[in-house]
Asks: 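This is the structure, below, for whatever I ask next.
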Amino acid sequence: MDIELVKGVGKVTLEYLKKLQIFTIDDLVEYYPYRYNIIKIVPMKEVRDGETCTIRGIIDTEPKTTYIKKLNKLSFRVVAENYLINVVIFNRAFLKNQLKVGRMINITGKYETKRNQFTASDINFEVINSSKIYPVYHLVSGLKNKIFTNIIREALTKNITLEDYIPSYLIDKYDFLDKYKAAQIIHNPDSLEHLKKAKVRTIYEEFFVFMFKMNYLKYKYTLDNVGIQRTVDRDEVDKYINNLPFKLTEDQLSTVQDIYHDLTSKERMNRLILGDVGSGKTCVASIGMYINHLAGYQSAMMAPTEILARQHYSSISKDFAKYGIKVGLLVGSLKKSEKNKVCEGLMNGEIDVLIGTHALISEGVEFNNLGLVITDEQHRFGVNQRSNLQNKGQMCDVLYLSATPIPRTYALTIYGDMDTSLIKTKPSGRKEIITKVVKMDKIRDVLSSMLNEIKNGHQVYVVAPLIEDEDGNSDLNDVIKLKEKFDMAFNNKVRTEILHGKMKNSDKDAVMEEYKNGNVKVLISTTVIEVGVDVKNSTMMVIFNAERFGLATLHQLRGRVGRNDLQSYCYLISDKDVPRLKVMEESNDGFYISEKDFELRGEGDLFGTKQSGDMVFKMGDIRRDYKILVQCKNDAKVFVEDNYVDNFNSYKQFKNLIKEIEFID
Ligand code: ADP
Ligand code: MG
């Protein structure tokens, strides 16, 4: 069924869905909530003065509109059980027509006994029993959660077929829910218990598909593993290395050796370079491309975002210019004529190295003699894309770069089909970032330390978990209030600015520009801001409510300072004694931190389900769901071995998966 046929999906909505990469019904059904809100109706006698809760009432008077400064305010009365209560809600003028006398509504907000008034933060019209679970989705601005939820639910009432990628014998073995039923529960849960069952099933399937592809490719490669054997003068490679403006670290050198070995041996290279951000992976990958070039082959490098692709392009084309190596760029935003020109250059061999986004694997991109494929930020690509690019060249060698430090155990599970090279040490000259966990009552020390950095001409990042505390009853710090507090503490003498995801792009850019050129000294933001931030003059990171963030996020945030040879600092502000914060004090090493993270998962302090950088899967989380992952790995291996010879004839849906990874037309 076409997505346009779902009730509620018009032209405008269709555009929003496209932005979310939702093109088909399957995409829609697989667009999972990132969390759930649970609304519980509280009986009036349990409502406490000043506490946030949800009550149910019947509208008794028509809403009146008044304005307080620029704020629109609706006031009306409701009958809740035997009580008559005043309700006010700000900035929801659009609700007015729906607030009809006699209608039953659920009101979330705070009750003030003295004025017998409920200040609502939200009003909901759904008839619910005593509690209800609401899915919450990551959406684009303009598309409301409610509307989106309705669209998905509407789609699920249609007679749609969802391809099930769990073989039936495994569904029986684990007593899994039916796929369709699971989808319905995920988007409209009736109980937490059912939700859990539905999630486990969905995660298993997601992992199983991944592990199937892995095992299939591995099995196939072991049957057929002959690659390009190059003859390359090692002296030429060493000359290149000696001409670099710095000395390679030991780990970089041994990784180069691994690559040299792979490229000159007759087996096909299938190697992963694991290394923290800034450890020098790209530099090593460039040497790989140089070796490949010496042997007369083209290279391609694929990055997950256009920004990264352009960054690589500008630095690599500069490095290679001295050697007469011609580098091309292929990204989605190029004009058709520009793309055509690049494609021509590739085909006739004028371009030696191509750098780009997934535009690289689009149809019409043909190489002259592709020998090496590199994908950066490996984990963000599906197995499909990797394999597609590989198939652009006959048996070409492949190298993956991953900046997500994951423990060896995970690496072996997920990338078990590859050889790995580890770059553990950072280039010398970088100082460890001094990290301290600080309680809120010692905030003055942090302030004076901040002032000290600013006095020395440096800049500071501040991160808080919330943008604005709308109902004002959370104990979490928010960006808006922190700015007020800092401005007061610094007597308005230090320029601070805020940055968060709800700001207009032009405003964000303006703030970033002012921070980059050093006019803004303190940047107060949430974690959701785009990471691309690279301001070498920043020497301090202050994270409020640090207990709210997972280690992967904390490590990534801290990585924004310490980007040159200045001493940098990180303060983790928290009143809670959370063991993982100690880990941050102990080490700057992403691998160490990720190992510890794994160990500490048992403590049940996992915040949220997905941390940036780990988003391989839509619902599964390789850390949280590690046991399921391992189970899938074993199950998929047996499944592939049992059905390979028979060409998966009893499993039509898997034939399709194989087509995807093999790029068969
Ligand atoms: P990664 O890809 O792992 O993030 P890069 O290769 O981009 O790391 O290196 C980060 C920065 O460090 C670049 O500016 C690079 O030129 C520089 N660099 C790489 N290796 C070294 C080294 N051995 N010594 C000093 N600087 C280095
Ligand atoms: Mg080889």
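Indexing begins at 1, ligand by ligand and atom by atom, following the structure's order.
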Asks: With heavy atoms only and a cut-off of under 4.0 Å, state how K247 meets ligand 1: side chain, backbone, both or neither.
Replies: backbone
Asks: Just by modelled atom types, is the E432 backbone N or O under 3.5 Å from a matching donor or acceptor in the Q567 side chain?
Replies: yes
Asks: For atom 11 (C) of ligand 1, which protein heavy atom lies nearest, and how many Å away is it?
Replies: R430 NH2, 4.1 Å
Asks: Checking contacts now, so for atom 14 (O) of ligand 1, which I'm interested in, is there any protein heavy atom under 4.0 Å?
Replies: no
Asks: Using a 4.5 Å cut-off on heavy atoms from C-beta on, say whether the side chain of K247 contacts that of Q252.
Replies: no
Asks: Could you tell me whether the side chain of V256 reaches within less than 4.5 Å of the side chain of L248, counting heavy atoms only?
Replies: yes
Asks: Keeping N456 on the side-chain end and H458 on the backbone end, is there a donor-acceptor pair under 3.5 Å?
Replies: no
Asks: Which residue in the set N519, V511, D507 passes side chain to side chain contact (heavy atoms under 4.5 Å, CB included) when paired with E497?
Replies: V511
Asks: So which protein heavy atom does atom 8 (O) of ligand 1 come closest to, and at what separation?
Replies: G280 N, 3.1 Å
Asks: For atom 4 (O) of ligand 1, which protein heavy atom lies nearest, and how many Å away is it?
Replies: G278 N, 2.8 Å
Asks: Heavy-atom contact under 4.0 Å between G275 and ligand 1?
Replies: no
Asks: N/O to N/O below 3.5 Å, does that happen between P427 and ligand 1?
Replies: no
Asks: Could you list the atoms of ligand 1 found under 4.0 angstrom from a heavy atom of Q252?
Replies: 19 (C), 20 (N), 22 (C), 23 (N)
Asks: Return a yes/no value: protein heavy atom under 4.0 Å from atom 27 (C) of ligand 1?
Replies: yes
Asks: Using 4.0 Å as the upper bound for N to carboxylate O, is an ion pair formed by K341 and E338?
Replies: no
Asks: Say whether F246, considering both its backbone and side-chain N or O atoms, lies within less than 3.5 Å of an N or O atom on ligand 1.
Replies: no
Asks: Judged on heavy-atom distance to atom 2 (O) of ligand 1, which of T282, I423, T249, L248 sits nearest?
Replies: T282
Asks: For V462, run the side chain to side chain contact (heavy atoms under 4.5 Å, CB included) check against L482, L523, T496 and tell me which one passes.
Replies: L482
Asks: Between K596 and E586, is there a salt bridge with N-O shorter than 4.0 Å?
Replies: no
